[in-house]
Amino acid sequence: MSDTSADEGRVSESEIAVHWGEEGYVRPPASFVAQANLTDPSIRERMRLENFPDYFAECAELLTWDRRWDELLDTSHAPFFRWYVGGRLNASANCVDRHLATRRNQAALHFVPEPEDEPMQHVTFQELYVRVNELAAYLRDEVGVQAGDRVTIHMPMVPDLPIAMLACARLGAIHSVVFAGFSGKACADRMVDSESRVLITMDAYYRSGQLLDHKEKADVAVAEAQAGGQAVGRVLVFQRYPGRYESHAPLEEGRDVLMGPALKAYRGRRVEPVPMPAEAPLFLMYTSGSTGKPKGAQHGIGGYLAYAAWTTKTIQDLHPEDVYWCMADIGWITGHSYIVYGPLALGAATTLYEGTPTYPDAGRPWRIAEALGVNIFHTSPTAIRSLRKAGGGHPEHYGIHFKHMTTVGEPIEPDVWKWYHEVVGKGEAVIVDTWWQTETGGFLCSTVPALDPMKPGSTGPAVPGIHPVIFDEDGQEIPRGSGRAGNICIANPWPGMFQTIWKDPARFVATYFAKYNRDPDSHDWRDWPYMAGDGAMQAADGYYRILGRIDDVINVAGHRLGTKELESAALTVPDVAEAAVVAARDPIKGVVPEIFVALHPGREGGPDLERRVSEAIAKEISPIARPRRVWVVPDLPKTRSGKIMRRILTAIANNSPDVGDVTTLSNPEVVDAIRSQHAAP
Ligand code: WT7
C-alpha cells in the first residue's frame, strides 16, 4: 500500500463492490458426497493452526520425490518461506512419467479447436511423454537451455503450450508464460524483466471465427525486448496448420525456427528429468500491481506443485476417471494450477479449448461438454454472465451432467450463482466459489464440496490449513464473524504461496507483508501475515465474502489490470497530458475500467482522439484492457497539492448521485462539467 498512499481520493474496487444480503444454504447432493475425495469431517480440526506446519506434509505426499525433504518449512528468511527443504523432485516427471505405468494409453489432453468442423485431438500420456521429451531434448541440445534459465512462452490454447511448459520443467528451466492475448510489447516487457533469450510462440490461432496472426507479435516482442536491452536469440515457432497456412510475418534466418521440421531430427529422443531442489523456481507469472510495472510472481517447484495437486484433489474433487474442463486460459494462474499442473499431477486428463466461449453461439460450451462427457466444469462469473445474457445457449437442450462446477476470479452475484446452479448444473452439481490469486498458487477460500453447504454470493470458509484474519487499517483484528469489512490476510504461510517477486524482493516484502508485520527482523511466521490486497468480511457462520481489490488494481473479467499501466499507455498518445483510470460497475464483466484524459493546450478531443487512446491501450497492453469509455475532459479534478481525486471520477463513472466533498479541490468547477458530459447520451 505504501506506493499508493500518495494518491489522495483513491477509490478501490472493494468500495464500489455490490453488497448483497446473506443467502440461505444449498446442500451438496448425496450422490456427490458418496463419491467425493474429501469427506473426513475432522479435516479442519487436524489442520488447525496449532498443528501448523506439519499437516502440510499431506500435500507433498501426493507427489513422487527423488529425495524426501529434511525440513517441512524453513522460516529463517521470513517472509521468504522455503517448503520441503532438502527434497528433490521434477515437475515434468510428476505430471507425465509417473503415470505411464498405469495410464500410458489414457488421455492426458483433450484439445478442442475453435472451428467446430475441425476434429478434437486427444493426446495420451504416452504421446505427451514423447512430445515433452523431444522438445526438452531440442531445448537442451539445440538451444542450450539449462536449469535456472528463463524461457518465455507466448502461445494460445493448443497442446504445444503445456508441452512447452513441461519440457522446460523437465530441464529445471523456469517458464514464463505470457497470455496470447497480450501484445508483443507486453511480451517484450516480461522478457526483459525475466532476461529470457528464448521465445516459444505459434504462428496463428483461432479466436471468434478469425485466424489471428500471432507470429507478428513475436517480431514486435523481439524488437522491443532488444530496445529494452534483452537480446532474444531464438524464436521457436509452432504452426497451427503446418503446410496449410503460413504467417505473413517472414522467418528471420538464424533466429526463427519452425518446430515441425526442427523436431524431426529429435524423434525418439529422451531426456532424463532433472531432480531439482524443491525450492527451485518452477515458473514466473507476471501480474499487475499498484505501480506501472508488472511483477513476476515466482513459484517454487515442490510447494507449488504439492498445493496445486492437493487443492485439485480436495476442492475440485478430481479423480483420474473424471472428465475435467477448466475453461480458463493457461496464460493466467488459473490455467497453470487448474488446467496444467493440478490435473496432470493427479494423472487426470485436462481439456484445452482454443476459442471464445460464445463462438459461434452460447451453446458452444455445452456442445463441447456433451461431446466429451465433461463432469467437472470450471469457469468465471464473467463467462457465466455472458453465457446467460446470450440466452444461455440452452444448457437444458444438451445431455450435460456436471457433478461439480467452479467459479473463480471475481465475486459472483447470488442471482448469477443461482442460474449457474439451476440451469447449467441442472440442480445436480455442487458449486465451489474459489477465492485466490496469482501470488497464492492455489485456492485460499472455498467450501470443501462434500463437507460444507454452499452459500450463493459467499466464497465460503477457508480451505483446510489456511487461516485467514481480517485487519482494519490500523492493524487491529476485526472480530471474527462480525460482518465488518477489512483487509483480508492469511495468518500462516502455505506451500502454494509465491516465493518472491522476481528480482524485486523488497517489493515482495513491502507489498504483501510490511503493513501488518510488527517486527521486520522476526523469523517467526506468526509475525508475517500475508496481505492479499482484497477487502473482505466474515459472516457469523465463518463464511467469507470478498469485496474486491483495495489497491490500484481493477479485476476485469478475472483479468487483473493495474490502473497505472493503463494510464501510462494512454500517455503514449502525444495529445494526452494527464489520465486517470477508475473502476466502473458492469453487468457482464463485474468491473471495467473507464479512463478520463485531459489534453495539452490547443489539442482537440473527439471520436478520433478517443479511438487513439483506446488503441494505444490495446497495443501497449492488450485488447482486454480497453476502457469501456474514454472521456476527454477539460481538466481532472485535483486537490490544491495537485493530486488527482479519483474518488470523484469513480462516483461519476458509477452514476452515483453523491460525489462527496469537493471543497478541497483547486478546480471544483470541473466536477459539474465532467458530470454533465458523463450524463449526456
Ligand atoms: C484477484 C486475483 C485466482 C485466479 C483468477 C484471478 C479476485 C479471485 C475471487 C472470488 C471474489 C475473487 C480478487 C483477487 N478474485 N477469485 N472467488 N471471489 N474475488 O487471479 O489475476 O491474481 O486476481 O481476483 O480480487 O485478489 P488474479
Side-chain angles (χ1 to χ4, degrees), residues 12-20 177 179 181-182 284-290 294-297 299 307-308 311 315-316 326-339 342 378-384 405-414 416-417 420 431-447 454-463 468 485 487-490 496-498 501 511-512 530-537 543-562 565 583 589-591 622 624-625:
S12 66
E13 217 184 71
S14 76
E15 285 165 73
I16 66 152
V18 188
H19 294 257
W20 46 74
V177 176
F179 171 56
F182 274 142
L284 306 178
M285 167 62 61
Y286 283 84
T287 188
S288 297
S290 296
K295 45 195 177 186
H299 282 282
Y307 197 68
T311 49
I315 306 295
Q316 293 299 111
C326 170
M327 201 173 66
D329 194 290
I330 294 174
W332 307 108
I333 192 71
T334 303
H336 276 50
S337 301
Y338 299 112
I339 299 178
H378 186 151
T379 193
S380 65
T382 291
I384 301 167
M405 304 193 299
T406 302
T407 163
V408 62
E410 326 143 51
I412 183 166
E413 304 78 356
V416 177
W417 191 100
Y420 194 35
I431 295 182
V432 291
D433 179 347
T434 57
W435 170 72
W436 61 298
Q437 311 176 294
T438 303
E439 294 88 337
T440 73
F443 305 143
L444 293 179
C445 283
S446 169
T447 48
M454 303 164 255
K455 188 161 75 170
S458 291
T459 169
V463 166
N487 295 343
I488 189 165
C489 296
I490 308 299
M497 174 177 192
F498 68 144
I501 295 173
T511 309
Y512 301 97
Y530 166 80
M531 186 178 87
D534 278 333
M537 52 173 129
Y543 280 41
Y544 293 92
R545 210 185 302 167
I546 304 298
L547 303 172
R549 303 288 313 181
I550 54 170
D551 52 12
D552 291 344
V553 168
I554 304 182
N555 204 40
V556 182
H559 305 321
R560 209 154 120 181
L561 304 172
E565 287 170 63
K589 296 181 171 174
V591 176
S622 163
I624 60 166

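Predicted, not measured: the structure shown is a model, and the values here were computed from it. First listed ligand is number 1; within each ligand, the first listed atom is number 1.
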### Message
I'd like to check the salt bridge (charged side-chain N to carboxylate O under 4.0 Å, His left out) partners of Glu410; sequence neighbours left out, ordered by chain and number.
### Response
Arg385
### Query
Mind checking whether Phe498 and Tyr512 have parallel, tilted or perpendicular rings, split at 30° and 60°?
perpendicular
### Task
Could you tell me whether a side-chain N or O of Ser380 sits under 3.5 Å from a main-chain N or O of Gly409, the two making a donor and an acceptor?
no
#### Entry: From Met405 atom CE to Thr407 atom OG1, the distance as rounded to the nearest 0.5 Å
9.5 Å
### Task
Report, as yes or no, whether the 6.0 Å neighbourhood of atom NZ on Lys589 holds more than 12 heavy atoms from other residues, nucleotides or ligands.
no
### Query
Can you say whether the rings of His378 and Tyr338 are parallel (under 30°), tilted (30 to 60°) or perpendicular (over 60°)?
tilted
### Task
Identify, chain by chain and in numerical order, each protein residue with a heavy atom under 4.0 Å from an atom of ligand 1.
Ile333, Thr334, Val408, Gly409, Glu410, Pro411, Asp433, Thr434, Trp435, Trp436, Gln437, Thr438, Asp534, Ile546, Arg549, Asn555, Gly558, Arg560
